[in-house]
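The block underneath contains the structure these notes are about, expressed in structure tokens.
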Amino acid sequence: MVRSITNLSRSGLADWMIQRISAVLLATYTLFILGVFVANPDLGYAEWQQLFSQFWVKIYTLVTLLALVGHIWVGMWTVATDYLKNAWVRFIVLFVIAVTAFVYLVAGVSAVWGV
Amino acid sequence: MKVSIYRYNPETDKKPYMQDYEVEIPEGKDLMVLDVLNLVKEQDTTVSYRRSCREGVCGSDGLNINGKNGLGCITHLSDVKGGREKLVIRPLPGLPVIRDLVVDMGVFYKQYEKIKPYLINDQPAPAIERLQSPEDRDKLDGLYECILCACCSTSCPSFWWNPDKFVGPAGLLQAYRFLADSRDTATADRLADLDDPFSVFRCRGIMNCVSVCPKGLNPTRAIGHIRSMLLANAT
């Protein structure tokens, strides 16, 4: 058993599941947004606002944003622990990734719930 | 034929280098790579490599042959030359080189040791033997045949980057060999030892292990079975 304190869930199995479930969620959301573009060739601000003012779209978007943050962390943590062998460099890079993911989350939530 | 061999003697060389040899291949014969190495050795006795059974059983002569890992003794020249003029032989990648083509397998064996590669059974020993149904015995096919040559683990990028944490395809194939054994009673403990982000889950399904295994085994499939067992045992 290898100990790790910086991976998302402390468990390899849980991280693996989070990565796969979040990937499916991100894929369905991508298809959903592509579908919106295809169904509305003349998509303007009014249609966009009407779409995102619906409660289920807000919830769907929020869940996808959380999935995105989880997916980013599991993936980037794996890449960082593969290639960055200096502990300080790895911690700094992971910190920057964590802050960036958090900014994405807050910006996304405020954009969606601000509509 | 031109043969280029990785040379490094830490006592005399500052850094490794490739040395070329001209080897006369007997007409009409498809030699094994190990035979070619033996011909080189006749020219230059300082070239070092491991070999023993010369028939793909002992796993001593794992080498990187024209960029692909394999056993020198069962790899035909015709299989690796592929129209190339030169035969390039390097040591297995990712392990420290002791000298020329001889690598230090310590970290590889350490990972093998970690998975407890022996039968654990807490029941009293029977008078003769622990019986197993033919169906249960069949589950070990494709697992027990591993000869620990390290061709798979040393072709795996995940093992290159984390050889101290990721068990590697060879170790995981053996881990599943004991998880799948109906006579082993330590399944829960074995699985608990593997449920961290590195031991099993650092496998990214690259499948180099499958493409290089000289015995035609499939460590990626075994790793998938371990993941499924971990999932089935989780709440």
Side-chain angles (χ1 to χ4, degrees), chain A residues 1-28 30 63 65-102 104-105, chain B residues 93-94 96 107 110-116 153-169 171-172 175-176 179 186-206 208 220 222-235:
Chain A
M1 169 77 81
V2 179
R3 271 196 71 213
S4 169
I5 54 160
T6 48
N7 70 304
L8 190 62
S9 67
R10 302 295 94 78
S11 148
L13 181 66
D15 271 17
W16 178 78
M17 274 216 11
I18 289 165
Q19 195 179 30
R20 265 133 195 91
I21 292 170
S22 61
V24 171
L25 250 170
L26 290 166
T28 65
T30 306
V63 169
L65 271 169
L66 289 170
L68 178 69
V69 171
H71 200 83
I72 287 173
W73 189 255
V74 175
M76 294 311 289
W77 180 83
T78 305
V79 173
T81 48
D82 264 355
Y83 297 110
L84 305 175
K85 292 301 167 196
N86 181 293
W88 274 109
V89 173
R90 190 171 62 247
F91 275 116
I92 290 166
V93 168
L94 285 173
F95 178 74
V96 171
I97 291 167
V99 170
T100 309
F102 184 70
Y104 279 155
L105 178 69
Chain B
V107 70
K110 203 161 192 156
Q111 293 299 346
Y112 178 57
E113 197 185 333
K114 253 180 26 189
I115 60 105
K116 299 188 179 123
S153 290
T154 58
S155 68
C156 172
S158 294
F159 189 75
W160 296 340
W161 310 145
N162 291 290
D164 55 334
K165 299 186 186 77
F166 175 49
V167 172
L172 290 171
Y176 183 62
L179 285 167
T187 306
D189 290 342
R190 289 181 188 279
L191 287 175
D193 283 344
L194 294 172
D195 183 19
D196 63 74
F198 282 98
S199 298
V200 174
F201 290 98
R202 195 41 65 118
C203 168
R204 316 308 300 177
I206 298 162
N208 278 2
T220 307
I223 293 168
H225 287 312
I226 296 175
R227 281 197 189 117
S228 302
M229 287 182 85
L230 281 164
L231 206 54
N233 274 269
T235 47

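Each chain gets a letter, A, B and so on, in the order its sequence line appears, and its residues count up from 1.
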Selection from D193(B), L231(B), D196(B), N162(B) maximising heavy-atom pairs under 4.5 Å formed with chain A | D196(B)
Report the distance from atom NZ of K165(B) to atom OG1 of T81(A), rounding to the nearest 0.5 Å.
-> 8.0 Å
So with a 6.0 Å cut-off around CE of M17(A), is the heavy-atom count from everything else above 12?
-> no
What part of L230(B) lies closer than 4.5 angstrom to a heavy atom of chain A: side chain, backbone, both or neither?
-> both
Heavy-atom distances under 4.5 Å only: say whether D82(A) touches chain B with side chain, backbone, both or neither.
-> both
Do W16(A) and V200(B) touch side chain to side chain, with heavy atoms closer than 4.5 Å?
-> no
Where [X] and [Y] come nearest, the two heavy atoms and their spacing:
{"X": "S11(A)", "Y": "D195(B)", "result": "OG-OD1, 3.2 Å"}
{"X": "L13(A)", "Y": "A234(B)", "result": "CD2-CB, 3.6 Å"}
{"X": "R202(B)", "Y": "W77(A)", "result": "NH2-CZ3, 3.1 Å"}

Most contact-rich option vs chain B, by heavy-atom pairs under 4.5 angstrom, among T78(A), N7(A), D15(A), is T78(A)
